[in-house]
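A quick write-up on the structure given underneath.
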Amino acid sequence: METKTIIKDKHVCTIDQLSSVENQEVCLQGWISNKRSSKGLFFVELRDGSGFCQCVIDESIVSPEDFEQAKVLTLASSVRLVGKVEKDDRQIGGYELKVNEIETLQVVEDYPISNKEHGIEFLMEKRHLWLRSKRQWAVMRIRSRVKFIIHQFFQERGFIQTDAPIFTGNACEGTTTLFETDFYGEQAFLSQSGQLYAEATAMALGKVYTFGPTFRAEKSKTRRHLSEFWMIEPEMAFYDLDMDMDLIEEFIRYIVLDIYNNYKSELTILERDLTLFENIGTVFPRITYDEAVEILRGEKDLDGKNALKTLEDDLNSVKERKTACLADIEERETAINAGGMKKGAINFNRNKIDKLKNEIKDLEEKERNIPQWIESAKNFKHGEDFGGSDETVITRLFSTPVMVYKWPKDIKAFYMKRDEEDDNYVKGVDLLAPEGFGEIVGGAEREDNLDLLLERIKEHDLPIEDFEWYLDLRRYGSVPHAGFGLGFERIIMWLTNVSHIRETIPFPRYYGRLLP
RNA sequence: UGAUCUGUAGCUCAGUGGCAGAGCAGCCGCCUGUUAAGCGGCAGCGCAUUGGUUCGAAUCCAAUCAGAUCAGCCA
């Protein structure tokens, strides 16, 4: 096949710019993401990083050589296509390209990822290629945008971004497992929080935030954990817990609204239910830990809704749904086996059956889990921390994020300020996201009294000598201050509703995954 | 770390003691507007590994390896 170059003196543009060049001739450069054919026609779905666009290759328009070329184009092949931009409401982007010239950069053989369902293990092995698929594309675009607007939110409000070190000598929250490393012969850890450093820079700059990677060596194998993830940690001098909660609420609403207003098509690709986005204007309820416990145990109703009762109803509807799914599968299988069905219809039904089977797997898992959740919620002991299921039970009753504040001191970090009214509590707050996502923000007013802080460090059995620098912050001009931490991937997961946090970061690192 | 589940074609899976299957992807042909297009055909796997039971094992048993989900911990 002869090679040619068509890019010279052509108007090169990207798919996201098509609306501004309607009826003009342009050159698109990209990769084949799907191809369909008819007699004398090829429908090529092209992706170029900025979007997806159907390009029509018509035998009666292109040269015979180019039409031959179109025949051999396979999935992931790279091309330049010159053609006329036409409005077509049938297309997702609203436009299609009537091709009149083709330049092939590479014809790909055996691209491993097809337009089909794949298992997570396979996709993770091929993560570098999986990123090219439509859903991943949408998630990465939202990730980028959220990162940008987080900076925008804080910068607009006079916050200074300060970076915390990644190598640290002290373990700030003690219990959590840290990655150990060697720092010129000294034992060092990879940072699991930049918060203490943010407190230091807040005393220098007023309102600050950090945005950096953190590392946790927990061998967690759940859909909500990563070994390497990004965290945003604002810290504000002269803020108390109420101001902290106000800021958290404003911040979360700002992010959610921006994505809703500017990234609707990505949310559509992700099939995100938009209820969350529509409710985000409502004030986030603020309840104390004690109230949350009462709600969890079913001792207190909320707007006439009882947590345990709601769960029992959920269990019943799960059971009903499962019965319906089984009946549906049965019906479709009988219809297929009866014969006389067209091949297309058989495929359609098989596909449905596969989906129903997957749904049943999920339902069965819920069926096993919900009774345990009810049991654990009923028997929840005041003074314990909420587990994943407890958070689900609580947030199940709300359609917006919920703030839980005033926590028992024993289950929270040493640096949280004790509650003035009751020494057994601290002025911490967790923001629980609805739809079962659980905690996405953890914040607190910090202990600003030197003696009380020393006491807490001793209670937690932390090595005082490592915290001397931190204690200096209380020795020299201590002021009330507060801050919070936001798990960046957690919020992306929540916004995009992907089933696994591993899909929210380009190259996830977790127990058992170091490549690609 | 514990509990449950999974490992069969490039991919997604069916087959649960009797000669290894389907759909998709690939290749060939047909069809002028397809949206994971459709129709017909071709080719492709010896069932994670090791050992055992059996006349006979993908199927039963055991161990090992790999993975998934949930729990704990958390963001």
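Quantities reported herein were computed from a predicted structural model and do not represent experimental measurements. Naming convention: chains lettered A, B, ... in sequence-line order (proteins, then strands); numbering from 1 in each chain. Heavy-atom basis, side chains included; hydrogens, waters and symmetry copies ignored.
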Closest to side chain of A:R223, choosing from B:rU12, B:rG33, B:rU69: B:rU69
To the side chain of A:L41, which of B:rA68, B:rG33, B:rA71 is closest? B:rG33
So which nucleotide from B:rA66, B:rA71, B:rU35 ends up closest to the side chain of A:Q54? B:rU35
Looking only at the side chain of A:W373 (C-beta and beyond, no hydrogens), which of the listed nucleotides B:rA71, B:rU35, B:rC11 gets closest? B:rA71
State which of B:rG33, B:rU12, B:rC74 makes the closest approach to the side chain of A:H118. B:rU12
Looking at every strand, decide which applies to A:L226 at a 4.0 Å heavy-atom threshold: base, sugar-phosphate, or nothing. base
Show each protein N/O and nucleotides 4-7 of chain B N/O combination with a separation under 3.5 Å, one pair to a line.
none

Using a 4.0 Å heavy-atom cut-off across all strands, classify A:S37 as base, sugar-phosphate, or nothing. base
Please report the distance separating the P of B:rA3 from the corresponding atom of B:rC39, rounded so that it comes out in whole Å. 48 Å
Side chain of A:H500 (C-beta onward), nearest among B:rU35, B:rU69, B:rC27: B:rU69
Would you mind telling me which of B:rA68, B:rG33, B:rC74 lies closest to the side-chain atoms of A:R502? B:rA68
For A:F43, report the nucleic acid contact type (base, sugar-phosphate, nothing); a contact means any heavy atom under 4.0 Å. base
Determine, for A:E503 against A:R127, whether the closest basic-nitrogen to carboxylate-oxygen distance falls under 4.0 angstrom. no
When you compare B:rC5 with B:rG17, how far apart are their C1' atoms, in angstrom units rounded to a whole number? 24 Å
For the base of B:rC74, is there a side-chain donor-acceptor partner from A:H225 under 3.5 Å away? yes
With the side chain defined as heavy atoms from C-beta on, A:D385 is closest, among B:rU69, B:rC74, B:rG33, to B:rC74
Show, in sequence, the C-alpha distance, side-chain angles and deciding distance for A:F42 and A:K71, and conclude whether the side-chain contact (heavy atoms from CB on, under 4.5 Å) test is met. CA-CA 8 Å; A:F42 284 103; A:K71 279 184 189 166; 3.5 Å; yes
Taking salt bridge (charged side-chain N to carboxylate O under 4.0 Å, His left out) as the cut-off, I'd like each qualifying pair that reaches into residues 407-417 of chain A, sequence neighbours left out, listed once. A:K412-A:D430, A:K417-A:D448
Winner on side-chain proximity to A:T222, out of B:rG72, B:rG33, B:rC11, is B:rG72
Polar side chain donor-acceptor pair, A:H481 to A:E199, under 3.5 angstrom: yes
Taking only the C1' atom of each, what is the distance from B:rC55 to B:rA14 in whole angstrom? 28 Å
